[in-house]
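One structure is given below, encoded as structure tokens.
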Amino acid sequence: MPSAIVSEYFRTNKLPQIWCPGCGHGIITRAITVAIDKLGLDRDKICIVSGIGCSSRAPGYMDFDTLHTTHGRALAFATGIKMANPDLKVIVITGDGDATAIGGNHLIHACRRNIDITAIIYNNNIYGMTGGQYSPTTPKFDKGTTAPYGNVDKAFDIPALAAAAGATYVGRSTAYHTQLLISLIENGIKNEGFSLIEAISVCPTYYGRKNKKGSAVEMLEWQKNHAVNIAAASKMAPESLDGKFLIGEFKNSPEPEYTKEYQKIIDMFKKE
Amino acid sequence: MNNNETVTEKLAVNENWCKGCGICVKFCPKNVLIVENEKVKIVDIEKCIQCGLCELRCPDYAIYVRGK
């Protein structure tokens with residue numbers, strides 16, 4: 001018998017999942033179900049949509065109405081679902097490559113529209129499924145199979161990108177900081193508008209091995225030692241933040257939601 | 001399918017799902033667990049305080065706190 005949360009929200013006949021030993025994706029996927037459970041949502045009013053990649057295998061294990069779509073297009077499918085059924089809670093599970101490279105345009109425009117979708121980006125800093133190619137979040141000078149001497153591109157700061165593009169709720173946590181991740185996902189789902197949560201995962205198989213980051217345990221310890229909550233960071237000396245990265249709630253500023261605004265236009269022509 | 005389960009009053013382990021990554025072992029504050037033959041094993045259940053950190057970070061849902 002699995003745990004209560006796994007029995008309730010997972011397709012247990014599909015487990016164990018396909019991810020590598022120590023992959024952070026399983027931690028993040030469970031965190032999403034805990035957040036849904038805490039919110040007490042009607043599961044028949046939830047639709048979980050994913051694109052392509054390691055991250056996007058997650059909905060296959062989740063016992064909800066789920067949709068596994070094409071590469072980079074999860075947000076486009078999710079937009080269609082939300083427009084046709086505005087009372088659904090639509091959750092998108094995507095990866096760093098899926099969301100910010102192949103689906104980069106879908107991402108910025110979903111943010112801009114402020115459509116009520118919660119996107120959770122599993123960021124493992126690499127394309128895991130296809131063999132370790134560098135992605136838009138591979139840190140500068142880190143290696144991938146397509147950057148054997150180091151990647152010269154600057155990495156995207158996903159929360160900054162989403163906030164600038166117009167997302168109304170933005171947060172970041174890590175697989176290690178699971179409790180924070182659960183609360184950010186809860187708040188993201190509660191926000192009526194576009195919410196983006198970056199969940200920094202660990203890929204010990206490709207990113208870790210290529211960059212000598214050690215085991216999954218060592219990679220989680222790195223997260224523990226290098227993440228600083230934005231609430232604490234404001235009280236710290238700037239030099240003490242060298243080499244660190246921020247986690248926490250970066251933006252929470254509700255604005256009119258897209259399907260509601262769209263309905264107003266329809267209603268204008270229903271009047272006699 | 002779940003015949004390789006270790007169930008105690010405080011913790012349960014499903015060895016079929018465990019991939020032996022050692023995350024639960026490392027972040028258990030009471031050293032209750034070890035990895036042996038690539039599977040997690042409960043070695044000192046008396047010390048377990050049921051904090052749930054193993055369950056929170058197990059990527060494979062192979063360990064969880066019971067009766068909570």
Side-chain angles (χ1 to χ4, degrees), chain A residues 1-31 33-35 54 57-58 61-62 122 124 173-183 199 201-205 208 214-224, chain B:
Chain A
M1 260 293 278
S3 69
I5 205 95
V6 171
S7 302
E8 180 67 23
Y9 295 108
F10 282 78
R11 295 170 180 151
T12 51
N13 61 338
K14 303 278 188 225
L15 295 172
Q17 29 82 342
I18 199 175
W19 295 312
C20 302
C23 172
H25 286 13
I27 305 173
I28 301 166
T29 305
R30 181 183 171 280
T33 62
V34 173
C54 292
R57 300 297 295 250
Y61 304 113
M62 301 171 84
Y122 292 35
N124 59 3
S173 189
T174 74
Y176 177 81
H177 299 87
T178 325
Q179 295 287 18
L180 172 67
L181 180 63
I182 293 167
S183 68
S201 189
V202 291
C203 174
T205 302
S215 66
V217 166
E218 287 165 290
M219 292 177 82
L220 287 174
E221 278 194 301
W222 185 90
Q223 294 183 345
K224 176 186 172 186
Chain B
M1 105 190 184
N2 292 333
N3 47 5
N4 285 329
E5 279 190 29
T6 305
V7 180
T8 71
E9 239 177 71
K10 294 176 178 174
L11 275 184
V13 168
N14 177 350
E15 281 143 28
N16 288 345
W17 289 1
C18 177
K19 294 174 188 159
C21 67
I23 291 172
C24 57
V25 175
K26 178 67 193 181
F27 298 112
C28 170
K30 294 290 178 184
N31 302 318
V32 173
L33 310 163
I34 58 162
V35 172
E36 197 178 81
N37 300 324
E38 299 188 344
K39 297 286 173 189
V40 63
K41 194 176 162 198
I42 301 169
V43 286
D44 200 350
I45 195 63
E46 291 303 312
K47 285 199 215 151
C48 175
I49 52 169
Q50 295 193 292
C51 64
L53 291 179
C54 52
E55 180 178 353
L56 191 71
R57 300 204 183 95
C58 173
D60 295 291
Y61 323 128
I63 186 164
Y64 65 94
V65 171
R66 292 190 72 233
K68 267 203 154 179

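Values below: every heavy atom of this structure, side chains too, minus hydrogens, waters and symmetry copies. Since the structure is predicted, the reported quantities are computational estimates derived from the model, not experimental observations.
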If you take all heavy atoms of A/Ala216 and B/Ile23, which pair is closest and at what distance? CB-CD1, 4.3 Å

Between the OH atom in B/Tyr64 and the CD1 atom in A/Ile5, the distance rounded to the nearest 0.5 Å is 13.0 Å

Interface moiety of B/Glu55 toward chain A, non-hydrogen atoms closer than 4.5 Å: both

Neighbour count above 12 (heavy atom, 6.0 Å) for B/Glu38 CD: no

Honestly, the part of A/Phe10 sitting under 4.5 Å from a heavy atom of chain B is side chain

Rounded to the nearest 0.5 Å, what's the gap from CG on B/Asp60 to CG on A/Leu15? Could you check? 9.0 Å

Does a sphere of radius 6.0 Å around CD1 in B/Ile34 hold more than 12 heavy atoms from other residues, nucleotides or ligands, not counting ones at 6.0 Å or beyond? yes

SG of B/Cys21 to CD1 of A/Ile27: how many Å apart, nearest 0.5 Å? 7.5 Å

Go through it in stages, so that I can follow the logic: the residues are A/Ile182 and B/Leu56, the test is side chain to side chain contact (heavy atoms under 4.5 Å, CB included), and I'd like the CA-CA distance, side-chain angles, deciding distance and then a yes or no. CA-CA 10 Å; A/Ile182 293 167; B/Leu56 191 71; 4.0 Å; yes

Minimal heavy-atom distance between A/Cys23 and B/Pro59, with the atoms involved, is O-CB, 3.2 Å

Please check this pair: side chain of B/Tyr61 against backbone of A/Ser7, looking for a donor-acceptor N/O pair closer than 3.5 Å. no

Sort A/Ser215 into side chain, backbone, both or neither according to what part of it lies under 4.5 angstrom from a heavy atom of chain B. neither

With a 4.5 angstrom heavy-atom cut-off, could you sort out which part of A/Val6 is near chain B: side chain, backbone, both or neither? side chain

What part of A/Ile28 gets within 4.5 angstrom of chain B, counting heavy atoms only: side chain, backbone, both, or neither? neither

Above 12 or not: heavy atoms from other molecules or residues under 6.0 Å from NZ of B/Lys39? yes

Pick one of side chain, backbone, both or neither for A/Leu181, based on which atoms fall under 4.5 Å of a heavy atom in chain B. neither

As an exercise: rank A/Arg30, A/His25, A/Glu221, A/Gln179 by heavy-atom pairs under 4.5 Å with chain B and give me the winner. A/Arg30

Could you check whether atom NZ of B/Lys26 has more than 12 heavy atoms from other residues, nucleotides or ligands sitting under 6.0 Å from it? no

